[in-house]
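Accompanying notes for the structure given below.
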There are 2 protein chains.
Amino acid sequence: MNKTRILIIEDNDDIRESTAEILELAGYEVMQAENGKIGVEVATRNLPDLILCDIMMPELDGYGVLYLVNKNSQTAATPFIFLTAKAERLDMRKGMEMGADDYLTKPFDDVELLNAIESRLSKKEKLQQFYSQSLDRLTHLLGNTPGIAELHKMIAGRKVRTVKKKQVIYYDGDTVSGIYLVLSGKVKTTKLSEDGRELLTGIYSSDEYFGVPALLLNEPYTEAAEALEDSTICLLPKEMMEELLNKYPAVGKQFIQILSNNLIEKEEQLLQLAYHSVRKRMAEVLIRLCNREERSERSERGERLERTERSKVGTRQDREESSKKNNEHPDSLEQSTGLILKVSRDNLAAMAGMATETVSRILSDFKDEEIIERKGSQIVILDQLRLKNMKN
Amino acid sequence: MNKTRILIIEDNDDIRESTAEILELAGYEVMQAENGKIGVEVATRNLPDLILCDIMMPELDGYGVLYLVNKNSQTAATPFIFLTAKAERLDMRKGMEMGADDYLTKPFDDVELLNAIESRLSKKEKLQQFYSQSLDRLTHLLGNTPGIAELHKMIAGRKVRTVKKKQVIYYDGDTVSGIYLVLSGKVKTTKLSEDGRELLTGIYSSDEYFGVPALLLNEPYTEAAEALEDSTICLLPKEMMEELLNKYPAVGKQFIQILSNNLIEKEEQLLQLAYHSVRKRMAEVLIRLCNREERSERSERGERLERTERSKVGTRQDREESSKKNNEHPDSLEQSTGLILKVSRDNLAAMAGMATETVSRILSDFKDEEIIERKGSQIVILDQLRLKNMKN
DNA sequence: CGGATAGTTGAGGGGGGTCAATGGCAGTGG
DNA sequence: CCACTGCCATTGACCCCCCTCAACTATCCG
């Protein structure tokens, strides 16, 4: 096997050369660049396996490098680690949100450096493997017309980004660089009203796209996106999408379906907000969440054959799944009593457009009426039917 | 010029033959069919210029004939007149809603018959001419990529349907036969809540499509559509749309844009319904209506050169336009004070999701504050800015 | 184990829905 | 021409739903 090749972009000669030395001793092949511009050139020409990059640099700063590297499909999947002085911590978050994979604060010692690099390289491999599974799943589910296959090939080449719970992926008003696909975890999109209350406009889990309408309209986002739990997502850049849309009608049809579904759902929600009591709205929100849950459960079950090796990756996640299975087997029908939802009151309130206190009160009522049960902050749905027939 | 060719479909031999005789005397070329099945065959083979058709027939009834004739693109644009016994009046409405152009109640005399036929033939010509103008307009506006041109060619071949104010075009739950394009007039789509209150989900005027998501999802309508004023619309059947979508990415892109826009607008409305006071919501609804008005006004103005002959067709409509122009010229800026809106309180209430009484009250307040003025049941917008900055 | 964060419960008040009565306006028929 | 009728818009009275504020309790985390 070839040596792993690392590119260091750093304007300070001392730091760059000493770092390079450490890495060479550790058995890596090292390339050096003394500013961002050169760095990008080297990256595109030599396609390193990993990039270390300073933020503060003349000519082109670290953000610029990251942006350009991500834009180029050949280098986009390359792990990218920021090197940064301690004072720049705040800017770091921005860097992470732009798609950097990790960061090291200067001064760093040898161990830190090598650890970060190795963990990143191994993680990349794992994620790549994991993602290729969910890709298979997608392909499997959606059939395999010419355009869709291209779409998936494109997804395959993209960098997988991990976001932590509560991390913001984009803000309302940000310019759009592409469309996002959730590989694992959950992401919510929200709109803020002037007085600061938020409305949850969508929840997206595995295999779902978000940020779609903004991309296709070529306008800034009209909503913010935030991870509900630790998630892995994948950015499909605008240029690629447009090319695919222009070439393959099937891709367009795919998105038309998604948009149409969304639209109808939103109209239903409008009706509910307009004329239904909080009580009924709460019930409807719970049902929406149940349906999501059942759907994703079903799609997971359908795949269980082909990926028994997944247990190597997920640990906590698998425990959850088995606990769900217990509650699911007693009656194997759709009408599954005992579905567990994990949502904060705040998110429930933001979905139904009401105050968190009201959510609390209504859930208490539901519990008294034995429609639901509370397990800590989780909600167990006992009687979907009564939720569906909730009077106004 | 060739003789105009008329097809009579009628199972009663006496009526059919006597009618045929009258028509031949009047100089038409006549074809006869003694039941629906034969009628459809003759229609597709000989492509008559007009079809007269009984409703109650063995083998295939009038509705069936109409359905099949409309489905075939070669015959879809042929004027279609129902012949019906007096007792069947109620069924008639159904026939008209399905796309018949007129009906005659048996027994009818010669004059009635010939009048109906001639008026229909001349109207067809006028409409065809008018529509080809709005087609030009569309093509002009949207550029002329390969797919779009096909789309317009298709529109050109379609029958134009006229609907009267308050006439329902489709109901919630109806199966979808195609997508609608408004050529003139205004159409609203509404959803009904269980307790009968309605929410207005969209208003569509010239050159806008409605019924889009239902078609593209292949599911029944989730809303009802009704004409707000006398309108002309055009149905683009499902099969054709699918073919175009599969062939031309540009067509798909077009609809993606429409859907995305709709989606973002709906999300904005969700936010408003969730957290804004009725007062602010009312202001927002008025602004939405103003924007629509200004937009359609602008697109009309852009075209005024190419269609001076239009005054032959519209009479009432043109008077409206000139009255608008008076209120528009004083300041030629966008910020036009004095925009006139014609909406019923009920529709306003349905748009904002509140009670009509509340609409009344708020409009009264706005009038006191000199933000609007009332001219009969019309509303004159005096101060858009204050509407936009309405506090919550 | 505190300190923070998330969730629950109570009291109070106002925004906006409901019901009902009245006022305007257009269409209809005498 | 007016009276009659029916529909739509307006206004008032009432009161209930749900939001706000506030205090309290549970849960999670270092």
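Numbered from 1 within each chain, the chains take letters A, B, ... in sequence-line order. Treat the numbers as computed from the prediction; the structure is a model and nothing was measured.
When distances run from any side-chain atom of B/Ser360 to the nucleotides C/dT8, C/dG17, D/dT11, the shortest one goes to D/dT11. Candidate nucleotides C/dG7, D/dT10, C/dG17 were compared by shortest atom distance to the side chain of B/Thr358, and C/dG17 ranks first. Checked against C/dT18, D/dT10, D/dC17, the side chain of B/Arg197 finds its nearest nucleotide in C/dT18. Taking every side-chain heavy atom of A/Lys166 into account, C/dA6 is the closest of C/dT9, D/dA9, C/dA6. Comparing D/dA22, D/dA13, D/dA9 by their nearest atom to the side chain of A/Glu357 picks out D/dA22.
At the phosphate of D/dT11, OP1 or OP2 sits under 4.0 Å from a side-chain N or O atom of B/Ser364.
Counting non-hydrogen atoms under 4.0 angstrom, A/Arg374 reaches the backbone sugars and phosphates but no base. Among the atoms of the strands shown, only primed sugar atoms or phosphate atoms (P, OP1, OP2) are found under 4.0 Å from some heavy atom of A/Ser277. Residue-level contact check: B/Ser344 touches the backbone only, with heavy atoms under 4.0 Å from sugar-phosphate atoms and none from bases. When heavy atoms are screened at a 4.0 angstrom cut-off, B/Arg361 is found touching base atoms of the nucleic acid.
Screening A/Arg281, A/His276, A/Arg279 against A/Asn392 for a side-chain contact (heavy atoms from CB on, under 4.5 Å) leaves a single residue, A/His276. Here the options are B/Leu348, B/Leu339, B/Asn347, the test is side-chain contact (heavy atoms from CB on, under 4.5 Å), and the partner is B/Leu289; only B/Leu348 passes. Applying side-chain contact (heavy atoms from CB on, under 4.5 Å) to B/Gln269 and the options B/Glu284, B/Met351, B/Arg288 leaves one that passes, B/Arg288.
C/dG17 atom P lies 18 Å from atom NZ of A/Lys280, rounded to whole Å. In this structure, CG of A/Leu363 is placed 18 Å from P of D/dA26, rounded to the nearest angstrom. For the pair A/His276 NE2 and D/dC18 C1', the computed distance is 17 Å after rounding to whole Å. Remark: C1' of D/dC17 and CZ of A/Arg279 are 13 Å apart, rounded to the nearest angstrom. Atom pair A/Asp365:CG and C/dG10:P shows a separation of 11 Å (rounding to whole Å applied). At whole-Å resolution of the value, CD1 in B/Ile372 and P in D/dA9 are 13 Å apart. Rounded to an integer number of Å, the gap from B/Met354 CE to C/dT18 P is 13 Å.
The 5' end of DNA chain D is approached more closely, in terms of each residue's nearest nucleotide, by B/Arg345 than by the other of B/Arg345 and A/Val278.
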**Report entry** Step-by-step side chain to side chain contact (heavy atoms under 4.5 Å, CB included) determination, A/Tyr180 to A/Tyr204
**Finding:** CA-CA 10 Å; A/Tyr180 289 91; A/Tyr204 304 87; over 6 Å; no
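With rounding to the nearest 0.5 angstrom, the CD1 atom of A/Ile372 is 12.5 Å from the CD1 atom of A/Ile340.
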